[in-house]
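Down below is the structure, laid out as structure tokens.
Side chains are part of it too, since the values below use all heavy atoms of this structure and drop only hydrogens, waters and symmetry mates.
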Amino acid sequence: MDTKIGSLDACKPANNAVCCPSNGSVCTIQNSVPSTVVTSSEATLGRHLARRLVQIGITDVFSVPGDFNLTLLDHLIAEPGLNNIGCCNELNAGYAADGYARSRGVGACVVTFTVGGLSVLNAIAGAYSENLPLICIVGGPNSNDYGTNRILHHTIGLPDFSQELRCFQTVTCFQAVVNNLEDAHELIDTAISTALKESKPVYISIGCNLPGIPHPTFSRDPVPFSLSPKVSNPHGLEAAVEAAAQFLNKAVKPVLVGGPKLRVAKGCDAFVELADACGYALSVMPSAKGLVPEHHPHFIGTYWGAVSTSFCAEIVESADSYLFAGPIFNDYSSVGYSLLLKREKAIIVQPDRVTIGNGPTFGCVLMKDFLQALSKRVNKNTTAYENYHRIFVPEGHPLKSEPKEALRVNILFQHIQKMLSGQTAVIAETGDSWFNCQKLKLPKGCGYEFQMQYGSIGWSVGATLGYAQAVPEKRVIACIGDGSFQVTAQDISTMIRCGQKTIIFLINNGGYTIEVEIHDGPYNVIKNWNYTALVDAIHNGEGKCWTTKVRCEEELIEAIGTATGDKKDSLCFIEVAVVRGEAEV
């Protein structure tokens, strides 16, 4: 096994269809950067950090300037391979780094001490829950202020600078507080490499007076990382594969279900390899949508209990054996823990562990290795898929709208479906867009992202910014509810400034529709905005941006035609007015 994590190009899936890098959850270390001596004036902490970010595949950092990080930002923007994306607030900078990491394998944001750090914290928690390697860099206090009992601004008024650090300790896998140059090189490299190995966010605080000071430890360009890969225990692997093969080969109608941890476990391609070999009916949990190619010949849809794709739950829950690869059974994905599954029928494959039914568990067994080995040991069995094919009834088309009839959500998503291709990606906002976007059938190469585990409303605006910046060759289609948009709307400004060509469907149904479904009340009704006028004001004649408001199918068709035609090189904001409560969930 190669111990080098390859270049960015090497880690793209062969079919460009999934958001799980083919050689791992992180595939961003470029080994083409030479190690050369640098001049003493350039041998600085700031330059070292900038070079490290470029080496691991980051070409854009998302930042909000503050007095503690200004000198650091000077050094980051001086790096030719690094582009600074100034965001409107720290929360969106964190969300943007999250979206960027979903495509590139790693992302980074830069904020200022405490007021910036605590603002970005929610986004970092979301990245932690989604197993995304994200480098959160904070401009910290002057190193000379430590131990002086001084009270600094941007603090809560105590001479203790550790409040921010303590907050980050529970949502990052490593924390580095750099307040002297002697161990700065080690701390920075350890933090970044830990983020890559653990596929979790890390926190790096850098004293505001340190980025520009030369130091001998930075006298050469950093040598590219060589990260030792995790390996399976060969005896445990063989035992797990033998037990799983026996379990599955005696089943009459086994099925496969992909889960969200396929990404972090580097198991996407191996899972498809197993599906090709075994012939089982193939489905995904809702939080894994986009990780498994939906054009696979045995794909039957999303398994989500009572709200599954039509006929999918019947096949999964009636199976006499099911293999779940990387599942998370939380209250969302299990529809309130109502899945009709039996543990004794299940093989649960986690990133480094396999459990067979109620029986043995095999540790130190990597998912990728297990699935690849199992694909060579299972018998072909297409019974479950044949059963699905026998009961499957194609979905009917929504009733044709009457002329100028108020737009229904199912009509909207029927037209969004027609827009999808290998050159597009879908970002689904937390809320009823989860359910509506789950129904979309992703063509080969179409990306798909949403934040199901953490479920923070407003996530999609920043994530769309970051994702679109990471893959400019794709046109991002974002489906955002009006309530969520009001949380993070400002960074439409940054999308325009960056020249992005995203299409945003702002679904205006007068409030928090998903929460109406859970528990209705007057607090779910929000103040209606003139959303197109707001975006026009943000645009302010600078950059390429086009807005429109649609209320019926005829206007929607015309708007999509314009967005994909004359305005294909512009950011397009389409406000879709639908009846309040129209969620189609």
Decide whether [X] and [Y] meet the rule of one side-chain donor and one side-chain acceptor closer than 3.5 Å.
{"X": "Asp536", "Y": "Thr547", "value": "yes"}
{"X": "Glu429", "Y": "Ser460", "value": "yes"}
{"X": "Lys261", "Y": "Asn131", "value": "no"}
{"X": "Gln469", "Y": "Gln500", "value": "yes"}
{"X": "Asp276", "Y": "His296", "value": "yes"}
{"X": "Tyr95", "Y": "Ser456", "value": "yes"}
{"X": "Asn122", "Y": "Tyr454", "value": "yes"}
{"X": "Thr59", "Y": "Arg104", "value": "yes"}
{"X": "Tyr337", "Y": "Asp331", "value": "no"}

Indicate, with yes or no, if the rings of Phe573 and Phe485 have centres closer together than 6.0 Å.
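Aromatic pair counts; centres sit under 6.0 Å.
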Carboxylate-amine/guanidinium proximity below 4.0 Å for [X] and [Y]:
{"X": "Lys345", "Y": "Glu317", "result": "no"}
{"X": "Lys549", "Y": "Glu555", "result": "no"}
{"X": "Arg102", "Y": "Glu449", "result": "yes"}

Atom CD of Gln169 with >12 non-hydrogen neighbours under 6.0 angstrom
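Check passes, neighbour count above 12.
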[X] versus [Y], closest heavy-atom pair with distance:
{"X": "Val335", "Y": "Trp304", "value": "CG2-O, 3.2 Å"}
{"X": "Ala93", "Y": "Phe62", "value": "O-CB, 3.7 Å"}
{"X": "Thr532", "Y": "Thr548", "value": "CG2-O, 3.3 Å"}

Using the side-chain contact (heavy atoms from CB on, under 4.5 Å) rule, take Phe174 and Tyr203 through it: C-alpha gap first, then chi angles, then the decisive distance, then the call.
CA-CA 6 Å; Phe174 186 87; Tyr203 164 85; over 6 Å; no
Do the non-hydrogen side-chain atoms of Thr302 and Ser283 ever get within less than 4.5 Å of each other?
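SC-SC contact between Thr302 and Ser283 ruled out.
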side-chain hydrogen bond (donor to acceptor under 3.5 Å, both in side chains) partners of Ser119, counting only residues at least two apart:
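Per chain and number, Ser119 pairs via side-chain hydrogen bond (donor to acceptor under 3.5 Å, both in side chains) with no residue.
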Which residues satisfy the side-chain hydrogen bond (donor to acceptor under 3.5 Å, both in side chains) test with Tyr332, sequence neighbours excluded?
none
Begin from the C-alpha positions of Phe450 and Trp434 and carry the test side-chain contact (heavy atoms from CB on, under 4.5 Å) through to its verdict.
CA-CA 8 Å; Phe450 74 135; Trp434 279 358; 3.1 Å; yes
Walk me through it: do Glu294 and Lys289 pass the test salt bridge (Lys or Arg N to Asp or Glu O under 4.0 Å)?
CA-CA 9 Å; Glu294 298 187 6; Lys289 187 176 178 68; 2.8 Å; yes
Check step by step if side-chain hydrogen bond (donor to acceptor under 3.5 Å, both in side chains) holds for Gln486 and Tyr531.
CA-CA 9 Å; Gln486 289 193 7; Tyr531 293 98; 2.9 Å; yes
Nearest-0.5 Å distance, CD of residue Gln438 to OG of residue Ser433:
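Those atoms lie 11.5 Å apart.
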Under 30°, 30 to 60°, or over 60°: which ring-plane class applies to Tyr385 and Tyr388, parallel, tilted or perpendicular?
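Because their plane-to-plane angle lies in the 30° to 60° range, the rings of Tyr385 and Tyr388 count as tilted.
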